[in-house]
Amino acid sequence: MRNQEIADILNQIADILEIQGEIQWKYLAYRRAARTIENLSENIADVLGKQKLPGIGKAIEEKIKELITTGKLEYYERIKKEVPPIVIEMTRIPDIGPKTAKLIYDTLKIKTLDDLEHAARSHRLQRIKGLGPKTEKAILKGLKELKKPQRHLLGVILPIANRIYKDLKSLKEVKQISLAGSIRRWKETIRDIDILVTSEKPEKVMQVFTSLELVKEVVLKGPTKSTIIVTRDIQVDLRVVEDESYGAALQYFTGSKEHNVALRTLCSQMGFKLNEYGLFLKDTEKKIAGETEEEIYKTLGMAWIPPELREDRGEILAAQNDALPTLVELKDIRGDLHLHSNYTDGKNTIEELVAAAEKRGYEYIAITDHTGTLSIAKAIDEPKLLEQITHIQKLNEQNQNIRIFTGAEVNIDQNGDLELSKDLLEQLDIVIGAIHSNLKMNRKEMTERIVHALSNEHLTILAHPTGRLLNKRAPSDIDLIEVFDAAKKYKKILEINAYPNRLDLSDVNCRTANQQGVLLVIGTDAHSVKQMRFMEYGVAVARRGWLEKKDILNTLQLDDLMKKLKI
DNA sequence: GCCGTTTTCGGCCCGACTGTTTTCAGTCG
């Protein structure tokens, strides 16, 4: 049983316990345990009982063991029967929590969400004691939102956020401004855009904000908080605070929730109280910090923590011990080793890609078009690839500013072999291997397939290792620990694919790979000049994975890179 | 149900907002 499946079951147990009115600490414990498992790169079965896992004690450990060995959990099966599925379903509606869901069910005995909609339309909900017309309206609205996709890709939302940010920043009434929330943490998917501002004229700022060109709906407009809906049904929250609380508010609204909970628990132990207005002494309520984030973290005896690390994955302890990593930055990147040209499904010529790379200040790029039996990507055939190699050699002679490496993104077949002749593999500077089909093999076969590919002497880089597509396709079932072992053994490089719907390896996985001693590379997989900007998303994943400059291949200078790759 | 520089019991982050109430519970982030 896979980690995610086990985490899902623990979360469902928490939902049920919450609906049953169990004390909150009990169901919160299940959620915490689920989160621990979700953040794990290792297979839970391999580490359970062998190492201390936060939030997993004796009782939950036993339950996970039962799930692993039998594939079922007696306890879960039993309590599942005690709560009608519709009640759990109802809690997915915004503003409907366990209490309200249970109240509605107990009163009306509805069976489906359609029943709920009917009950709301015929005003039977507002007759329930404790509910009213507003709740009824909220439920009808919430039912519609349920059908929309819940989270947006960072790559979709960030350009929109930056546009709004720029518009607001240009106002003379705006003193300080920052994006906050998950977007400031560069999370791979984002629910809504949070923006924080300080101003002496909040009304004016709110007025501009709620009448921006891309506004579709104004949900809420107040002096300190406004909410709008913009294109693609993206929600944007703007909050205005006092200058003296800016740091505290920024810290608070940046999150994550888990980081904030952990930080405030620590505050409490130290005799402080932290909220969005500042850091206070617990007993006298005296404010001792709040203007800047740096000041708050410093007062708590730790270094300022980069937002990308604020996920409660050990960053607080590291900050206390002055052991935070010096995270890799976009400016450290010296080249892009995963690019597609118009020889196959790319939009631009090699010359155009080179010009764009120069503009970005790169020292080198690799042209890596598709080869193998890939019908969708118009794979390049061998004569055409030879032609491309000659073309690149000629360009390298003409242009000394940037080095163009020959390469290919070679399809890995079902057995883990590279779909390109040995002769050509030997001619290429960089061979990227990637799986594009048969993604649903079982764990053992898939792992063997990848390990076999990694053992191939011609392979340089394994691209998008898990094959996931955000919001669309789950990662393949792979024993990543074994893959990382093999990558280290055969000295192969694993990719952080920066394409916004891939971001593969993920933050958690590239962190584990690095801890296991595997070198990583950030590649954009760009199919056009425009997409070369995706590099910043790949860098963000690396940063969220605690990676430093030295952990990333394409931060090396040209000659060091060539030495490393023996080109 | 978990956890321990206050330990094996008694805590467990903190506040805003909302809708429904006559003082607060539920939900959210």
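All chains are named by letter (A, B, ...) in the order of the sequence lines, taking the proteins before the strands, and each is independently numbered beginning at 1.
For the pair A/Lys286 and A/Phe280, the cation-pi test (distance below 6.0 Å, angle within 45°) is failed.
Along DNA chain B, the nucleotide closest to A/Tyr252 and the one closest to A/Ala262 are compared, and the more 5′ of them pairs with A/Ala262. Nearer to the 5' terminus of DNA chain B, by closest-nucleotide assignment, is the contact made by A/Gly132 (compared with the other of A/Gly132 and A/Asp194).
Screening A/Arg151, A/Arg468, A/Arg502 for a salt bridge (charged side-chain N to carboxylate O under 4.0 Å, His left out) involving A/Glu188 leaves a single residue, A/Arg468. Remark: of the listed residues A/Glu311, A/Arg185, A/Glu315, A/Glu315 is the sole one forming a side chain to side chain donor-acceptor pair (under 3.5 Å) with A/His259.
Atom P of B/dT22 sits at a distance of 14 Å from the matching atom of B/dG26, rounded to the whole Å. Taking the P atom of each, B/dT27 and B/dT20 are spaced 13 Å apart, rounded to whole Å. A distance of about 10 Å separates the C1' atoms of B/dC3 and B/dT8, rounded to the whole Å. Comparing the same atom, C1', in B/dT23 and in B/dT18 gives a spacing of 15 Å after rounding to whole Å. The gap from the P atom of B/dC14 to that of B/dT21 amounts to 31 Å, rounded to the nearest Å. B/dT6 and B/dG1 are spaced 27 Å apart, taking the P atom of each and rounding to whole Å. Atom C1' of B/dC28 sits at a distance of 14 Å from the matching atom of B/dC13, rounded to the whole Å.
Nucleic acid contact class of A/Lys63 (heavy atoms, under 4.0 Å, all strands): sugar-phosphate only. Within 4.0 Å of A/Lys58, counting heavy atoms only, lie sugar-phosphate atoms of the nucleic acid but no base atom. Backbone-only contact: A/Leu131 has heavy atoms under 4.0 Å from sugar-phosphate atoms and none from a base. Within the 4.0 angstrom heavy-atom criterion, only backbone atoms of the sugar-phosphate kind lie near A/Tyr30; the bases stay farther away. Residue-level contact check: A/Gln24 touches neither bases nor backbone, having no heavy atom under 4.0 Å from any strand. Residue A/Lys52 is in sugar-phosphate contact alone, with no base atom involved, counting any heavy-atom pair closer than 4.0 Å across all strands shown.
Picking from B/dG1, B/dC14, B/dC13 the nucleotide with the shortest atom distance to the side chain of A/Asn275 gives B/dC14. Listed nucleotides: B/dC28, B/dC14, B/dG1. Nearest to the side chain of A/Ile23: B/dG1. Nearest to the side-chain atoms of A/Ile60 among the listed nucleotides B/dT27, B/dG1, B/dG15 stands B/dG1. Comparing B/dG1, B/dT20, B/dC13 by their nearest atom to the side chain of A/Ala29 picks out B/dG1. For A/Lys99, whose side chain is taken as the heavy atoms from C-beta onward, the closest listed nucleotide among B/dG15, B/dC3, B/dT27 is B/dT27. Taking the side chain of A/Lys129 as heavy atoms from C-beta on, and the options B/dT21, B/dG19, B/dG15, the nearest nucleotide is B/dT21.
Not one side-chain nitrogen or oxygen of A/Thr135 sits closer than 4.0 Å to the OP1 or OP2 atom of B/dT18. Phosphate proximity of B/dC14 to A/Lys257: absent, as no side-chain N or O sits under 4.0 Å from OP1 or OP2. Proximity of A/Ser268 to the phosphate of B/dC13: no side-chain N or O atom is located under 4.0 Å from OP1 or OP2. One finds a side-chain N or O of A/Thr100 lying less than 4.0 angstrom from the OP1 or OP2 phosphate oxygen of B/dT27.
In this structure, A/Glu18 atom CD and B/dC28 atom P are separated by 9 Å, rounded to whole Å. Residue A/Leu125 contributes atom CG, which lies 14 Å from atom C1' of B/dG19 at whole-angstrom precision. When the P atom of B/dC3 is taken as reference, atom CG of A/Leu28 falls 14 Å away, rounded to whole Å. Atom pair A/Asp95:CG and B/dG26:P shows a separation of 15 Å (rounding to whole Å applied). Straight-line distance from the CG atom of A/Asn260 to the P atom of B/dC13: 12 Å, rounded to whole Å. As rounded to whole Å, 11 Å separates atom P of B/dT21 from atom CG of A/Leu103. Rounded to whole Å, atom C1' of B/dG26 lies 16 Å from atom NZ of A/Lys134. Atom pair A/Gln235:CD and B/dC28:C1' shows a separation of 11 Å (rounding to whole Å applied).
Using a 4.0 Å cut-off between a side-chain N of Lys or Arg and a carboxylate O of Asp or Glu, A/Asp15 and A/Arg31 qualify as a salt bridge. Ion pair A/Lys201/A/Glu173 not flagged as a salt bridge, since none of the NZ, NE, NH1 or NH2 atoms sits closer than 4.0 Å to an Asp/Glu carboxylate oxygen. Using a cutoff of 4.0 Å between basic side-chain nitrogens and carboxylate oxygens, A/Glu242 and A/Lys175 are not scored as salt-bridged.
Relative ring orientation between A/Tyr499 and A/Phe534 is described as perpendicular, the plane-to-plane angle rising above 60° on a 0-90° scale split at 30° and 60°.
Pairing partner, B/dT8: none, since no Watson-Crick or wobble contact has both distances short of 3.5 Å.
Residue-environment remark: NZ (A/Lys109) exceeds the threshold of 12 foreign heavy atoms within 6.0 Å.
Between A/Trp25 and B/dC2, no base-stacking contact is recorded for ring centres under 5.5 Å apart and planes less than 30° from parallel.
If you check distances only, the side chain of A/Tyr277 never reaches the base of B/dG15 with a donor-acceptor pair under 3.5 Å.
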